[in-house]
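Right, one structure below, let's go through it.
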Amino acid sequence: MANIVQQGPGTIAAHLQHLRTHGENKLHQIALDYLAEHGLSVPAAETVPRLACGCPGTLSRKLEVKAEAEYSRGGSALRQWPVQLQLLNPAAEYFDDADLLVSADCVAHAYGSFHGDFLAGKILVVFCPKLDQDTAGYVRKLAAIFQQHTIRSITILRMSVPCCGGTVSIVEQALALSGQKIETTVKTIGLDGKIE
């Protein structure tokens with residue numbers, strides 16, 4: 001931070017904005033603490049972060065953990081945003097010591113008790129192995145998550161249709177690329193919404 005401060009308010013603001021838009025909340029707070037300790041003000045541009053895509057929905061954020069009773073009555077067990085693998089930042093702090101739920105897009109629509117039975121207590125990663133274009137990029141992104149964080153376990157949810165086997169394959173390739181050994185469980189959901 002000492003080098004950034006020397007470059008002036010514009011660079012400080014850009015650095016702080018960069019940390020925020022990439023979900024680096026711990027590093028952002030360290031930078032703010034540094035400024036406070038040295039009697040430096042936070043540049044005005046930092047107060048309203050701008051995102052390259054213009055959509056605040058891509059900003060990484062950790063959500064409030066809800067009580068089990070709340071999601072068992074139909075409430076959400078979601079703990080972070082975003083959830084689509086294409087939008088996830090591998091460095092986001094919510095991956096620290098996480099149990100991951102890697103799910104094909106259709107599973108939550110087919111399995112009615114998705115939140116209570118599978119999502120509760122986990123960090124969610126969703127994608128479609130058939131329709132999404134950059135599956136090689138998905139392998140690299142998941143491998144980066146596995147390398148940068150201690151992941152306690154991975155639960156993979158896929159549909160019973162053959163193309164959904166790609167969900168398992170992408171995770172397996174990412175584990176091989178990362179060199180990590182993480183306890184992995186695979187569950188298959190039928191078109192009738194039942195676990196097979």
Side-chain angles (χ1 to χ4, degrees), residues 18-28 51-63 76-111 114-115 117-191 193 195-196:
H18 177 79
L19 293 174
R20 284 178 53 123
T21 58
H22 288 282
E24 292 294 340
N25 298 329
K26 288 179 186 175
L27 292 176
H28 185 263
L51 301 172
C53 69
C55 176
T58 60
L59 184 63
S60 294
R61 59 188 86 160
K62 194 173 186 178
L63 303 177
S76 176
L78 191 62
R79 300 177 68 177
Q80 102 283 351
W81 186 262
V83 298
Q84 286 287 338
L85 181 54
Q86 185 173 11
L87 300 175
L88 288 172
N89 173 10
E93 65 183 38
Y94 48 71
F95 289 118
D96 293 342
D97 298 313
D99 293 300
L100 292 187
L101 177 60
V102 178
S103 177
D105 285 343
C106 296
V107 172
H109 301 286
Y111 191 82
F114 178 82
H115 283 256
D117 291 355
F118 294 117
L119 183 55
K122 294 182 176 66
I123 295 299
L124 181 60
V125 175
V126 298
F127 62 90
C128 178
K130 180 175 183 176
L131 298 179
D132 293 353
Q133 300 298 311
D134 188 18
T135 55
Y138 285 180
V139 169
R140 290 189 301 274
K141 187 174 271 195
L142 282 171
I145 291 168
F146 302 156
Q147 289 172 327
Q148 294 176 36
H149 304 275
T150 299
I151 303 297
R152 293 190 301 239
S153 69
I154 302 169
T155 301
I156 304 169
L157 295 180
R158 57 158 292 184
M159 294 299 295
S160 60
V161 293
C163 57
C164 210
T167 309
V168 178
S169 176
I170 288 169
V171 174
E172 289 173 343
Q173 290 174 57
L175 283 168
L177 182 62
S178 72
Q180 303 297 312
K181 294 189 185 298
I182 302 170
E183 177 188 340
T184 304
T185 304
V186 178
K187 302 248 185 216
T188 302
I189 307 300
L191 300 181
I195 301 172
E196 294 188 348

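Numbering starts at 1 and runs along the sequence shown.
- Residues Leu191 and Glu196 have side chains not in contact (no heavy-atom distance under 4.5 Å, counting atoms from C-beta outward).
- Proximity of Phe146 to Pro90: side-chain heavy atoms (C-beta onward) are nowhere separated by under 4.5 Å.
- Between Asp97 and His149 there is no side-chain heavy-atom pair separated by less than 4.5 Å.
- Considering all non-hydrogen atoms of both residues, Ile182 and Ser153 come closest at CG2-CA, 3.9 Å.
- The minimum heavy-atom distance linking Ile123 with Ala98 is given by the pair CG1-CB, 3.8 Å.
- By the 4.5 Å heavy-atom criterion applied to side chains, Thr185 and Ile154 are not counted as neighbours.
- Within the structure, ring pair (Phe, Tyr, Trp, His ring centres under 6.0 Å) pairs that include any residue of residues 151-173 do not occur (at least two apart or interchain).
- A salt bridge does not link Lys122 with Asp99: none of the charged nitrogens is closer than 4.0 Å to a carboxylate oxygen.
- Counting heavy atoms from C-beta on, the side chains of Tyr138 and Leu88 never come closer than 4.5 Å.
- Rounding to the nearest 0.5 angstrom, the gap separating the CD atom in Glu183 from the OG1 atom in Thr155 is 8.0 Å.
- Residue Gln147 qualifies as enclosed at atom CD: its count of foreign heavy atoms under 6.0 Å is above 12.
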Side-chain donor-acceptor contacts of residues 156-170 below 3.5 Å, not counting sequence neighbours, with atom names and distances?
{"residue": "Arg158", "atom": "NH2", "partner": "Val161", "partner atom": "O", "Å": "3.0"}
{"residue": "Thr167", "atom": "OG1", "partner": "Cys164", "partner atom": "O", "Å": "3.0"}
{"residue": "Ser169", "atom": "OG", "partner": "Gln173", "partner atom": "NE2", "Å": "2.9"}

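- Summarising the geometry of Leu124 relative to Gln80, their closest heavy-atom pair is O-NE2, 2.6 Å, with the distance given to 0.1 Å.
- Contact record, Ala174 with Leu142: CB-CB, 3.5 Å, taken as the closest heavy-atom pair.
- The two residues Ser103 and Phe114 have their closest heavy-atom pair at OG-CE1, 3.9 Å.
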For Thr188 and Ile195, run side-chain contact (heavy atoms from CB on, under 4.5 Å): C-alpha distance rounded to whole Å, both residues' side-chain angles, the deciding distance at 0.1 Å, then the answer.
CA-CA 6 Å; Thr188 302; Ile195 301 172; over 6 Å; no
Pair Asp134-Arg140, side-chain contact (heavy atoms from CB on, under 4.5 Å): steps then yes or no
CA-CA 10 Å; Asp134 188 18; Arg140 290 189 301 274; 4.2 Å; yes
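- Annotation: the span from Gln180 atom CD to Gln148 atom CD amounts to 11.0 Å, rounded to 0.5 Å.
- By the 4.5 Å heavy-atom criterion applied to side chains, Pro82 and Gln84 are not counted as neighbours.
- Between Leu85 and Val126, every side-chain heavy-atom pair lies at or beyond the 4.5 Å cut-off.
- Judged purely by atom type and a 3.5 angstrom limit, His115 has no side-chain atom pairing as donor or acceptor with the backbone of Ser76.
- By the 4.0 Å N-to-carboxylate-O rule, Lys26 lies close enough to Asp96 to be salt-bridged with it.
- Here the closest non-hydrogen pair linking Tyr111 and Phe118 is CE2-CE1, 3.4 Å.
- For Gln133, the CD atom counts as loosely surrounded, since its 6.0 Å shell holds 12 or fewer non-hydrogen atoms of other residues, nucleotides or ligands.
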